[in-house]
Amino acid sequence: MTDFLLVDDNETFARLLCRGFKRRGLNLEWAATGDEALALPARFQGILLDLNLNGESGLQLLPELVAAQPRARIVVLTGYASISTAIAAIKLGAVQYLPKPAEIDTILAAFEEDDAGQTAGLSIEEESPSLKRHQWEYVQFVLQQHDGNISATARALGMHRRTLQRMLQKHAVSR
């Protein structure tokens, strides 16, 4: 049986995904935190990593997972998709980046793709993104530059830390 690991803090989502993998004859283990994931032995074929792990950054965990699970292909699966975090994830070792919700077949296909430069989960749109989308992308870019530090990001953006926290708690802005 093929072994996969899900690193996600959402228990309901984890149970649903584990059930879906099991129906396909695949084993999906679940770790709710980065520490739990790093404590597991190196035996996984693929790892699904959420970017927001209850205050812990999946981007900061990604290089540690690559080192701890050198044979595993890592796919980032997030509800807070942005172009800047997609680029950062690929540079840090992820083979694919998918926005939530994603179907199990799409997730499994992401593990099998050969070209890490492709972003099957993110389509390039012909329409221009909205001003809110540009703002979201820029905030994500600055946040990534400051290694997920909310206070430093707020200072760099010239805004109050709590305002930035409220903005980040909302789901990603669509086009």
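The analysis underlying the following values was restricted to heavy atoms, covering all of them including side chains, and did not include hydrogens, waters or symmetry mates.
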### Message
Minimum heavy-atom separation for A42 and R71, please, with both atom names.
### Response
O-NH2, 3.5 Å

#### Entry: Sidechain-backbone polar pair: Q69 side chain, L65 backbone, donor-acceptor under 3.5 Å
no

### Query
Have Y97 and T78 got a donor and an acceptor in their side chains that come within less than 3.5 Å?
no

#### Entry: Heavy-atom side-chain contact between I47 and V75 under 4.5 Å
no

### Task
Taking the side chain as every heavy atom from C-beta outward, state whether D8 and L17 have any atom pair closer than 4.5 Å.
no

### Considering all heavy atoms, the nearest I150-L164 contact
O-CD2, 3.5 Å

#### Entry: Whether H160 side chain and R162 backbone form a donor-acceptor pair below 3.5 Å
yes

#### Entry: L168 side chain near L143 side chain, heavy-atom distance below 4.5 Å
yes

### Task
Please name the pair of heavy atoms, one in P63 and one in Q60, separated by the smallest distance, quoted to 0.1 Å.
CD-O, 3.5 Å

### Query
Heavy-atom distance under 4.5 Å between the side chains of K22 and N27, does that happen here?
no

### Task
Give the minimum heavy-atom separation between G93 and V66, together with the two atoms involved.
CA-CG2, 4.2 Å

### Message
Would you call the rings of F21 and F4 parallel, tilted or perpendicular, taking 30° and 60° as the class edges?
### Response
perpendicular

### Query
Is a donor on one side and an acceptor on the other found under 3.5 Å between the side chain of W30 and the backbone of C18?
no

### Query
When rounded to the nearest 0.5 angstrom, what is the spacing between CZ in R73 and CG in L48?
12.5 Å

### Query
What are the two closest non-hydrogen atoms of D35 and E56, and how far apart are they?
N-OE2, 4.4 Å

### Query
Looking at side-chain heavy atoms only, is the closest gap between V76 and Q96 below 4.5 Å?
no

#### Entry: Distance (rounded to the nearest 0.5 Å) between L62 CG and K91 NZ
13.5 Å

### Summary
One should read off an interatomic distance between L28 CG and D3 CG, to the nearest 0.5 angstrom, of 9.5 Å

### Query
If you look at every heavy atom in T153 and V139, which pair is closest and at what distance?
CG2-O, 4.4 Å

### Query
Rounded to the nearest 0.5 Å, how far does CD of Q45 lie from CZ of F111?
8.0 Å

### Message
Using 0.5 Å steps for rounding, measure from the CG atom of D9 to the CG atom of L53.
### Response
5.5 Å

### Query
Nearest 0.5 Å, what's the CZ-CG distance between R43 and L5?
8.5 Å

### Query
Would you say the side-chain atoms of D147 pair up with the backbone N or O of N149, donor to acceptor, closer than 3.5 Å?
no

### Task
Measure from the side-chain N and O atoms of R161 to the backbone N and O of A154, and report whether any donor-acceptor pair falls under 3.5 Å.
no

### Message
Between L92 and L59, does the side-chain contact (heavy atoms from CB on, under 4.5 Å) criterion hold? Intermediate values first, please.
### Response
CA-CA 8 Å; L92 291 171; L59 279 180; 4.1 Å; yes

### Message
So T33 and E36, do their side chains get closer than 4.5 Å, heavy atoms only?
### Response
yes

### Message
Is any side-chain heavy atom of I74 closer than 4.5 Å to one of V95?
### Response
no

#### Entry: Side chains of L6 and E29 in contact at under 4.5 Å (non-hydrogen atoms)
no

